Amino acid sequence: MSSPEKASGNPAPSRLGDYLLGEMVSEDANTRTYHAQQTTMDRGVILVMQKAAGERGGQQRAFFLRDVRTKAAIEHAGIGAVFEAGEDAGELFWTRALLPGRSFAELHEAGEKYTPRDIAGYLLSLIHISEPTRQAEISYAVFCLK
């Protein structure tokens, strides 16, 4: 994906708060995820921006913050720590550490194969990692394992 764009063709902001947006790395129904640069810390991060900025109300904003707080409570070497949640010009976003290495998608594209033991290990790790979401009454949580 290109830098920075929205699937609808409307340009994404080139900057949100302290972050310069780079390449969009993924998109789903609710969010767009970018590589970004935190200017004050001079470090690369992952920035996740909520879609439909003008259409959300207080309940959606509260859900967004609760979801990010749940992600921030998770400590795992394969998940980037949450740095902050923010809002800039009506755009809700959160940032996390940019982990070294390749993503599962990149490994798959490179032809890497997983053994049943590897897959079982990843699934058990996800079960352990997702435990905090049960108590937070969040129906889903998206994690980026490396």
Side-chain angles (χ1 to χ4, degrees), residues 1-53 55-56 60-88 91-146:
M1 298 191 180
S2 65
S3 166
E5 69 179 25
K6 293 184 180 180
S8 65
N10 298 329
S14 60
R15 181 181 195 98
L16 282 175
D18 189 27
Y19 302 93
L20 294 174
L21 273 63
E23 178 184 9
M24 183 167 56
V25 294
S26 68
E27 180 174 21
D28 63 30
N30 300 310
T31 63
R32 290 185 182 87
T33 302
Y34 296 90
H35 283 134
Q37 184 72 21
Q38 185 179 19
T39 57
T40 57
M41 299 299 291
D42 193 26
R43 65 178 170 188
V45 300
I46 295 293
L47 183 142
V48 181
M49 184 170 58
Q50 187 77 19
K51 288 184 180 178
E55 301 171 16
R56 72 176 143 277
Q60 290 170 318
R61 180 175 278 109
F63 177 84
F64 171 82
L65 291 174
R66 191 172 72 224
D67 183 51
V68 174
R69 286 181 187 126
T70 299
K71 288 174 174 71
I74 296 167
E75 295 180 24
H76 188 277
I79 297 176
V82 172
F83 290 144
E84 73 171 316
E87 185 172 3
D88 185 50
E91 300 282 354
L92 289 174
F93 66 93
W94 63 279
T95 60
R96 65 175 170 81
L98 176 61
L99 299 177
R102 298 184 294 168
S103 69
F104 282 137
E106 291 166 331
L107 291 170
H108 177 72
E109 289 172 8
E112 299 283 335
K113 302 292 182 196
Y114 303 103
T115 66
R117 173 178 244 130
D118 292 336
I119 293 169
Y122 294 135
L123 292 174
L124 288 172
S125 183
L126 286 173
I127 291 167
H128 171 73
I129 292 166
S130 65
E131 184 60 31
T133 64
R134 293 179 197 207
Q135 297 161 1
E137 298 178 8
I138 293 176
S139 60
Y140 69 91
V142 177
F143 304 104
C144 185
L145 289 174
K146 290 257 184 178

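When reading the values below, keep in mind they use all heavy atoms of this one structure, side chains included, and skip hydrogens, waters and symmetry mates. Fair warning: this is a prediction, and the values are worked out from it, not measured in the lab.
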Compare every heavy atom of [Y] with every heavy atom of [X], then report the nearest pair and how far apart it is.
X	Y	result
Leu99	Gly80	CD1-N, 3.5 Å
Glu106	Arg102	OE1-CA, 3.1 Å
Gly44	Leu98	O-CB, 3.7 Å
Phe93	Leu47	CD1-CD1, 3.8 Å
Gln50	Glu91	O-OE1, 3.9 Å

ask   = Under 3.5 Å, is there a donor-acceptor pair between the side chain of Arg15 and the main chain of Gly17?
value = yes

key: Backbone N/O of Thr115 and side chain of Asp118: donor-acceptor pair under 3.5 Å   = yes

ask   = Hey, mind stepping through Arg32 and Val25 against side-chain contact (heavy atoms from CB on, under 4.5 Å) and telling me if it holds?
value = CA-CA 8 Å; Arg32 290 185 182 87; Val25 294; over 6 Å; no

task = Supply the atom-to-atom distance Arg96 CZ to Thr33 OG1, rounded to the nearest 0.5 angstrom.
result = 7.0 Å

task = Kindly compute the distance separating CG (Leu16) from CG (Asp88), expressed to the nearest 0.5 Å.
result = 5.5 Å

ask   = Within a strict 4.5 Å, meaning less than it, do heavy atoms of the Leu92 and Glu87 side chains meet?
value = yes

message = Quick check: do Tyr19 and Met49 have side-chain heavy atoms less than 4.5 Å from each other?
response = no

inquiry  = I need the single residue from Ile46, Val48, Leu21, Leu20 that forms a side chain to side chain contact (heavy atoms under 4.5 Å, CB included) with Tyr34. Which is it?
reply    = Leu21

ask   = Would you say the side chains of Asp28 and Thr31 form a donor-acceptor pair under 3.5 Å?
value = yes

remark   = Those residues at least two apart in sequence (or on a different chain) that pass side-chain contact (heavy atoms from CB on, under 4.5 Å) with Arg43 are Gln38, Met41, Val45, Phe83

